[in-house]
Protein chains: 2
Amino acid sequence: MKTEISLSTIRRLPIYLHYLKSLDVSQPNISATQIAGALNLGEVQVRKDLASISCGGKPKVGYEVHKLINELESYLGANDENSAVIVGVGRLGQALLEYDGFAQFGLEIVAGFDVREELFGKNIGGKPIFDEKQISGYVKDNGIAMAIITVPASFAQSTADKLVSVGIKAIWNFSPTHIVVPDTVVVKNENLAASLAVLSKQLKEK
Amino acid sequence: MKTEISLSTIRRLPIYLHYLKSLDVSQPNISATQIAGALNLGEVQVRKDLASISCGGKPKVGYEVHKLINELESYLGANDENSAVIVGVGRLGQALLEYDGFAQFGLEIVAGFDVREELFGKNIGGKPIFDEKQISGYVKDNGIAMAIITVPASFAQSTADKLVSVGIKAIWNFSPTHIVVPDTVVVKNENLAASLAVLSKQLKEK
DNA sequence: CGCCTATCGATATTTTTTTATCGATTCTAA
DNA sequence: TTAGAATCGATAAAAAAATATCGATAGGCG
């Protein structure tokens, strides 16, 4: 199927992938009903989501688990632009550099950048840390398209501007501020405090 | 106005709040048009969102900035259940313990829990770290309703089960696994790797 | 083999969210 | 003091997402 896949669907695909991988290998097939039950989703929704990336299951037996995993991985991971850099190697930046779940999606954080001299040349999570001044060269030389911003809020927008100017096309911003970028660039503002506030709000509404 | 506020709207409220706070104090009023322009949203959407929590602005002049901030803060922060604990004091847990943006929403992370003895009694970000065995008592004694899970994936579900059993009502899960909880509990699964994968996907679709 | 059940995929319906339109209100200024 | 522009709030329309319905098909079983 080749219609446009909605963002809501794309967001659920990694969840399916993860769940399928957690299954016992001895289970060759799985039904949408079962997936829906395990993940607390509607079974029709699961079928629709899977229909958008899979070539289909069989009535009564469901989908082949390994085939589905392949299809999900190839959809999510088939991506040339899969390297990212981190700007701002504080606690959070370090946590992300050491986080080992990215590879599952064919993604890799390849380097960190900071302004603090004492970090230059260090290795964190096996990734080198460089002087922030070198970002431009590094990004251009290596054709990097994605960047993660974990600098203090007051530097977030200027960092984003700089990244955009050197050719970054996707930004994941963890600074507690909302950055604005040109339409040609994809940005996800991840405000942790705001997320917790929303959760707290949901809790209260119950 | 007292109609149910949609989750999409609630998610945008912290963004408005943050933006308003970033404004020059000398600006007493602001229009939906201006907010929409700065944040890249539709101006009607901004008006509708604000209408749900504010008692209104005036034509031609817009909204009063300080009043709007108050209204947003009181909506987002007026919450008794505003203390959270963190389970799993690794890099990410530490980063969150030191993160200072939560107070803005009237939220506080009050303690961390881990299984590693060498952490017991330590202070991180001014917050005490305890033995995970003490969670139950702590949560009950202090009436904590929210918990953040930053343990390795393989312990995430069991940690969640335990938290639910001691009375936690909202869980923010950072382990790269999808946890399932009873309907009475609010959960947000925050899979960092999956988020980056989605961003990467969006980038590719362009 | 023929019936029953689980499940798929497609289409239709409902609900939710976003966007557009328009009359009413308030300020500015001639 | 009246014309004009900016902006609000409400209602309507459109778009997107979630959910329900239903015929078709594959396997199990008498």
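So that the names make sense, note that chain A is the first sequence line, chain B the second, and so on, each numbered from 1.
We find that CG of B/Leu50 is positioned 13 Å from C1' of D/dT7, with the value rounded to whole Å. In this structure, A/Ile35 places its CD1 atom 12 Å from C1' of C/dT7, rounding to the nearest Å. In this structure, CG of B/Asn29 is placed 10 Å from P of C/dC27, rounded to the nearest angstrom. Atom CZ of B/Arg11 is separated from atom C1' of C/dT17 by 12 Å (rounded to the nearest Å). Distance B/Glu43 CD to C/dT21 C1': 12 Å, rounded to the nearest Å. Taking atom CD of residue A/Glu4 and atom P of nucleotide D/dA17, one finds them 11 Å apart after rounding to whole Å. The nearest whole Å value for the distance from the CD1 atom in B/Ile53 to the P atom in D/dC8 is 14 Å. B/Leu7 places its CG atom 15 Å from the P atom of D/dA17, with the value rounded to the nearest Å.
By the 6.0 Å and 45° rule, A/Lys21 does not stack over the aromatic ring of A/Tyr16.
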All N/O donor-acceptor pairs, side-chain side in residues 184-192 of chain A, below 3.5 Å, sequence neighbours left out:
from	atom 1	to	atom 2	distance (Å)
A/Asn189	OD1	A/Asn173	ND2	3.0
A/Asn189	OD1	A/Ile179	N	3.0
A/Glu190	OE1	A/Trp172	NE1	2.9
A/Asn191	OD1	A/Ala193	N	3.1
A/Asn191	OD1	A/Ala194	N	3.1

Only pairs under 3.5 Å count here: list side-chain donor-acceptor contacts from residues 142-158 of chain B, not counting sequence neighbours, and write none if there are none.
from	atom 1	to	atom 2	distance (Å)
B/Asn142	ND2	B/Tyr138	O	2.8
B/Thr150	OG1	B/Val87	O	3.2
B/Thr150	OG1	B/Gly88	O	2.4
B/Gln157	OE1	B/Val180	N	3.0
B/Gln157	NE2	B/Asp161	OD1	2.9
B/Gln157	NE2	B/Val180	O	3.0
B/Ser158	OG	B/Phe155	O	3.1

What pairs of donor and acceptor atoms, side-chain ones from residues 56-72 of chain B against any protein atom, are under 3.5 angstrom apart with sequence neighbours left out?
from	atom 1	to	atom 2	distance (Å)
B/Glu71	OE1	B/Ser54	OG	2.9
B/Glu71	OE2	B/Cys55	N	3.2

*At under 4.0 Å between heavy atoms, which parts of nucleotides 18-30 of chain D does protein reach? Answer with one letter per nucleotide, 5' to 3': B base, S sugar-phosphate only, - none.*
BBB----BBS---

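Remark: A/Lys48 pairs with no residue by the side-chain contact (heavy atoms from CB on, under 4.5 Å) rule, at least two apart or across chains. Scanning for salt bridge (Lys or Arg N to Asp or Glu O under 4.0 Å) contacts around A/Arg11 gives an empty result, with sequence neighbours left out.
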